[in-house]
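So the structure is just underneath, and the comments pick up after that.
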Protein chains: 2
Amino acid sequence: MDPEVWSIGDLARATGTKVETIRFYEKSGLLPAPPRTARNYRAYSAEHLGRLSFIRRARDLGFSMEQVATLLALADRKDQSCEAVDIVARAHLAEIDRKLRDLRALRKELATMIANCDHGTIADCRIIEALAPRG
Amino acid sequence: MDPEVWSIGDLARATGTKVETIRFYEKSGLLPAPPRTARNYRAYSAEHLGRLSFIRRARDLGFSMEQVATLLALADRKDQSCEAVDIVARAHLAEIDRKLRDLRALRKELATMIANCDHGTIADCRIIEALAPRG
DNA sequence: CATGCACCCTGTAGCCACTACAGGGTCAAG
DNA sequence: CTTGACCCTGTAGTGGCTACAGGGTGCATG
């Protein structure tokens, strides 16, 4: 028996999101502003919970807030083709691949520097040397 | 024949850094404030150029500005052991490895989602489904 | 001699995606 | 009657820049 309304704290606990972050999503337009109680507390429905879970999952997968907004808008147009969704996802995948390539190249360079270090004085340090311009 | 003094624009061109970024490094304490000309223009020496190159190279390798500051401070103590340098570099390597693991896991998940998408309507979209809570 | 242009200066605000905190309120239990 | 757990708004901070407003200097060209 889920409650029919949720406080912001309930949503936070249910989704592993900080309260401030939820308010931030609302201000950013990702999460619709819920109705308020007599005490001016936000009163969320199950729909809000679902939407916030969606946002969190997409963010965890590295989609930008802008991409999440796009995906959310698309998710609501149930009868349309999901090609646009595919495009967003593939663009994100390409971006991840680019980051992976960069990070691997960087790791290699750094590992080489570290491997060359023979723990003498700074004056002979291969790491510092590799960073300094021309030896 | 290098000039003996360099304008901020010269340094920018020589290191591939934007002028604003150089000023930003100065304000952040990474690059020492150079003497000024009569017109209040920054007048850099070859030493500044070397230091900026070091900063850029370290930043390109993904070291944080704080780590760069540490490395710069260490680089000046030529007679000391380079153990501290090694520690900073290894910490950074570990961080890169963590990011690589995260990114690879994420890539896998995203690729699976995309592979499952059979380009029907949004209602049947596996990508949206994977993001939405409980199908 | 005027004009345009490339450069330089300072200071502030913007980017992303939060996070933290100040300063205030309501409510229930001990 | 005080303590603590919540909630509210609004602002400022993070990292690492980037951009722009609003001003100045100096050189070449018409």
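Chain A is the first sequence line, chain B the second, and so forth, proteins listed ahead of strands; every chain is numbered from 1.
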Should B:Arg59 be listed as having a side-chain N or O under 4.0 Å from OP1 or OP2 of D:dG15?
no
Sort me out a list of protein N/O and nucleotides 22-26 of chain C N/O pairs below 3.5 Å, or just none if empty.
from, atom 1, to, atom 2, distance (Å)
C:dG25, N2, A:Tyr41, OH, 3.1

Given atom CD1 of B:Ile8 and atom C1' of C:dT10, what is their separation to the nearest angstrom?
12 Å
Check whether any side-chain nitrogen or oxygen of B:Arg56 sits under 4.0 Å from OP1 or OP2 of D:dG16, and answer yes or no.
no
Nearest-Å distance for atom pair CZ/P, residues A:Phe24 and D:dT11
16 Å
For the residue pair B:Tyr44 / B:Arg51, report whether a side-chain donor-acceptor contact shorter than 3.5 Å exists.
no
Which whole-number value in Å describes the distance from B:Leu31 CG to D:dC17 C1'?
15 Å
Keeping the roles fixed (side chain from A:Asp97, backbone from A:Ala94), state whether a donor-acceptor pair exists under 3.5 Å.
no
When rounded to whole Å, the CE to C1' distance for the pair A:Met65 and C:dC18 reads 9 Å
Using a heavy-atom distance cut-off of less than 4.0 Å, which residues of residues 67-76 of chain B contact DNA chain D?
none
For A:Gln80, does the CD atom have more than 12 heavy-atom neighbours from other residues, nucleotides or ligands under 6.0 Å away?
yes
Strictly below 4.0 Å: does A:Arg13 bring a side-chain N or O up to OP1 or OP2 of D:dA5?
no
Using whole Å, what does the distance between atom P of nucleotide D:dC6 and atom CG of A:Asp10 come to?
10 Å
Would you please confirm or rule out a distance under 4.0 Å between OP1 or OP2 of C:dA17 and any side-chain N or O of A:Tyr25?
no
Look at all strands and tell whether A:Ser7 reaches a base, only sugar-phosphate, or nothing, counting heavy atoms closer than 4.0 Å.
sugar-phosphate
Side-chain N or O of A:Thr21 closer than 4.0 Å to phosphate OP1/OP2 of C:dT19
yes
Side-chain contact test, heavy atoms from C-beta onward, threshold under 4.5 Å: evaluate it for B:Met113 versus A:Leu61 and give yes or no.
yes
Quick one: is B:Arg42 getting a side-chain N or O under 4.0 Å of the C:dC8 phosphate, OP1 or OP2?
no
So, is B:Arg23 near the phosphate of C:dC9, with a side-chain N or O under 4.0 Å from OP1 or OP2?
yes
Is it true that, when you exclude B:Glu83 itself, more than 12 heavy atoms of the residues, nucleotides or ligands shown sit nearer than 6.0 Å to its CD?
no
Does A:Arg126, at its CZ atom, have more than 12 non-hydrogen atoms belonging to other residues, nucleotides or ligands within less than 6.0 Å?
no
Check: A:Leu100 main-chain N/O paired with B:Arg104 side-chain donor or acceptor under 3.5 Å:
no
Closest to the B:Glu20 side chain, choosing from C:dA20, D:dC20, C:dC8:
D:dC20
note: B:Leu11, atom CG; C:dC7, atom P; distance rounded to Å ~ 15 Å
Closest non-hydrogen contact found for B:Ile96 with A:Leu110 is CD1-CD2, 3.7 Å
When rounded to whole Å, the CG to P distance for the pair A:Leu52 and C:dC18 reads 11 Å
Report the C-alpha distance between B:Asp10 and B:Arg13 in whole Å, list the side-chain angles of each, state the deciding distance to 0.1 Å, and finish with yes or no for salt bridge (charged side-chain N to carboxylate O under 4.0 Å, His left out).
CA-CA 5 Å; B:Asp10 294 336; B:Arg13 272 181 296 276; 3.2 Å; yes
Within the supplied structure, the quantity of interest is the number of heavy atoms (other residues, nucleotides, ligands) at a distance under 6.0 Å from B:Glu109 CD; does it exceed 12?
no
Grab the CD1-P distance between A:Ile22 and C:dC18 for me, whole Å please.
12 Å
Any B:Lys18 side-chain N or O less than 4.0 Å from OP1/OP2 of D:dA19
yes
Selection from C:dA17, D:dC17, C:dT12 that lies nearest to any side-chain heavy atom of B:Lys27
C:dT12
